[in-house]
Amino acid sequence: MRKNTLLIIVILFIVSCNQKKLTPAQIVNKAIEASGGANYKTAEITFQFRDKKYRSKRKNGEYQLDRFHIDSLGNTISDRLSNEGFVRIVNDTTVSLSNREIKKYSNSVNSVHYFVQLPFGLEGDAVNKELIGKDSIKNKEYYEIKVSFDQEGGGTDYEDEYMYWINTDSFTVDYLAYSYHVNGGGIRFREAFNPRVVNGLRFVDYKNYAEKDLSTPLEKLDDLYQAGELELFSEIITEDIEVDLSE
């Protein structure tokens, strides 16, 4: 009888240890690991988004984010954002840009790469993570992680805020929301779909919903989504994904 009691105590102790609360950083790190982990740090990723081709390269903390397209006049446009800054090349000639143009193009290049490679990037030093709590969406439980950015190192859109719903079992990011300030501001809620793994990295597409009331807290958007009160704004489809992990 004593042996059985001792066994029960041991089991309860083990379960209790396994159920220790995770910190926001630990939850995010588990999400990154579930989607590719260290592979992100050396991967060369290429993909097509709408009418443009994108490529990213990372190694030893260095990064290079490229975008390629042909404009309406038939010019070949190459945009590159890296540790050294932003440069635009038109038909093999580097063009001079105003600070406003540099900011605009840098933001648009970085934004596409950022969303495609999520949750990678959320472990950065300028990223502030807060565990709001847990909630359920479509009968699945999620950690609600709110993310903000420091002004130093947080990019030009450091004032934007994000919310990530991370599955408590699989640690996949199945939903996210964000508020932004450019062009008058807005709020978006994204539902991930079409998950697939390409050479060790997980990618998803998104159904992109809009919320008209800009005072709506991000943590309330999952309730509005389930109630069917968000407007389907667009779909974010990433195509022709290729991942090279060779160094």
Side-chain angles (χ1 to χ4, degrees), residues 24 27-28 30-32 34-35 47-52 54 104 107-122 124 127-149 154-197 201-239 241:
I27 293 169
V28 166
K30 282 180 173 290
I32 294 173
S35 294
F47 60 90
Q48 185 80 20
F49 177 60
R50 295 176 178 162
D51 63 339
K52 298 178 178 63
Y54 293 78
K104 175 184 176 181
N107 287 349
S108 60
V109 170
N110 182 69
S111 177
V112 173
H113 282 285
Y114 176 83
F115 282 113
V116 167
Q117 298 186 30
L118 280 173
F120 179 74
L122 296 182
V127 183
N128 306 305
K129 297 171 280 288
E130 178 185 0
L131 176 59
I132 301 301
K134 294 181 182 179
D135 207 344
S136 295
I137 303 178
K138 295 183 178 180
N139 298 318
K140 293 183 179 181
E141 188 180 58
Y142 291 91
Y143 294 108
E144 292 181 317
I145 301 291
K146 194 168 188 176
V147 167
S148 61
F149 301 89
T156 56
D157 293 329
Y158 69 91
E159 294 179 303
D160 294 351
E161 290 188 338
Y162 291 77
M163 179 76 70
Y164 296 90
W165 283 265
I166 299 175
N167 190 291
T168 57
D169 291 324
S170 65
F171 287 91
T172 56
V173 179
D174 296 341
Y175 304 90
L176 65 91
Y178 60 98
S179 61
Y180 60 93
H181 299 274
V182 298
N183 300 322
I187 293 178
R188 295 289 185 266
F189 178 87
R190 291 190 177 188
E191 172 193 7
F193 73 99
N194 188 29
R196 64 271 197 205
V197 175
L201 295 183
R202 182 178 185 268
F203 299 90
V204 298
D205 297 321
Y206 295 101
K207 294 181 180 179
N208 193 28
Y209 295 86
E211 164 58 18
K212 296 180 180 179
D213 184 356
L214 300 187
S215 67
T216 303
L218 295 182
E219 55 264 37
K220 300 296 183 183
L221 292 177
D222 58 330
D223 295 330
L224 296 176
Y225 161 73
Q226 293 189 92
E229 297 181 15
L230 298 180
E231 174 190 357
L232 181 60
F233 184 76
S234 63
E235 289 191 347
I236 311 298
I237 307 296
T238 305
E239 300 177 298
I241 300 172

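Small disclaimer: the values here were computed from a predicted structure and weren't measured. Only heavy atoms go into these numbers, but all of them, side chains included; no hydrogens, no water, no symmetry mates. Counting from 1, the numbers follow the sequence of the chain as shown.
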Between Met163 and Leu221, is any pair of side-chain heavy atoms under 4.5 Å apart?
no

Could you check Tyr175 against Asp222 for side-chain hydrogen bond (donor to acceptor under 3.5 Å, both in side chains), going step by step and ending with a plain yes or no?
CA-CA 8 Å; Tyr175 304 90; Asp222 58 330; over 6 Å; no

Lys129 atom NZ: more than 12 heavy-atom contacts under 6.0 Å:
yes

Closest contact, heavy atoms only, Phe171 versus Thr168
CE1-O, 3.7 Å

Judged by atom type as modelled, is there a donor-acceptor pair below 3.5 Å linking the side chain of Glu141 to the main-chain atoms of Tyr143?
no

Would you call Glu211 and Phe189 a side-chain contact if the rule is heavy atoms closer than 4.5 Å?
no

Donor-acceptor pair, side chain of Glu219 and main chain of Gly133, under 3.5 angstrom
no

Thr238 to Arg196 - nearest heavy-atom pair and separation:
O-NH2, 2.6 Å

Just wondering, do Ile132 and Ile145 contact through their side chains at under 4.5 Å, heavy atoms?
no

Side chains of Tyr164 and Tyr142: closer than 4.5 Å at any heavy-atom pair?
no

Just checking Lys30: does its NZ atom have more than 12 heavy atoms from other residues, nucleotides or ligands closer to it than 6.0 angstrom?
no

Please assess Glu235 against Asp205 for the test side-chain contact (heavy atoms from CB on, under 4.5 Å), listing each intermediate value before the final yes or no.
CA-CA 8 Å; Glu235 289 191 347; Asp205 297 321; over 6 Å; no

d(Arg188 CZ, Leu230 CG) to nearest 0.5 Å is 10.5 Å

Please lay out, stage by stage, how Asp160 and Tyr178 fare under the test side-chain contact (heavy atoms from CB on, under 4.5 Å).
CA-CA 7 Å; Asp160 294 351; Tyr178 60 98; 5.9 Å; no

Rounded to the nearest 0.5 Å, how far does CZ of Arg50 lie from OG of Ser234?
5.5 Å

Strictly under 6.0 Å, is that where the ring centroids of Phe47 and His113 end up?
yes

Distance check, rounded to the nearest 0.5 Å: Glu144 atom CD versus Ile166 atom CD1?
11.0 Å

Phe49/Phe115 aromatic ring centres below 6.0 Å
no

Using the side chain to side chain contact (heavy atoms under 4.5 Å, CB included) rule, pick out the option among Leu176, Ile32, Val173 that qualifies with Leu118.
Leu176

So, for Ile187 and Tyr180, which heavy atoms are closest and what is the spacing to 0.1 Å?
N-CE2, 4.1 Å

Establish, from distance only, whether the side-chain atoms of Thr172 and Asn167 form a donor-acceptor pair under 3.5 Å.
no

For Trp165 versus Ile137, what's the shortest heavy-atom pair and its separation?
CD1-CD1, 3.7 Å

Is any side-chain heavy atom of Val204 closer than 4.5 Å to a side-chain heavy atom of Phe193?
no

For Leu131 and Pro24, the nearest pair of non-hydrogen atoms, with its separation, is N-CG, 3.5 Å

Looking only at side-chain N and O atoms, does Tyr225 offer a donor or acceptor that is under 3.5 Å from a partner on Lys138?
yes

Is the backbone N or O of Phe233 less than 3.5 Å from a side-chain atom of Glu231, with the two atoms forming a donor-acceptor pair by type?
no

In Å, rounded to the nearest 0.5 Å, how long is the span from CD of Gln117 to CG of Leu201?
8.0 Å

Is there a donor-acceptor pair under 3.5 Å between the side chain of Asn208 and the backbone N or O of Arg190?
no

Would you check, one step at a time, whether the test side-chain contact (heavy atoms from CB on, under 4.5 Å) holds for Ile237 with Gln48?
CA-CA 9 Å; Ile237 307 296; Gln48 185 80 20; over 6 Å; no

May I have the step-by-step check of side-chain contact (heavy atoms from CB on, under 4.5 Å) for Val116 and Tyr54, ending in yes or no?
CA-CA 10 Å; Val116 167; Tyr54 293 78; over 6 Å; no

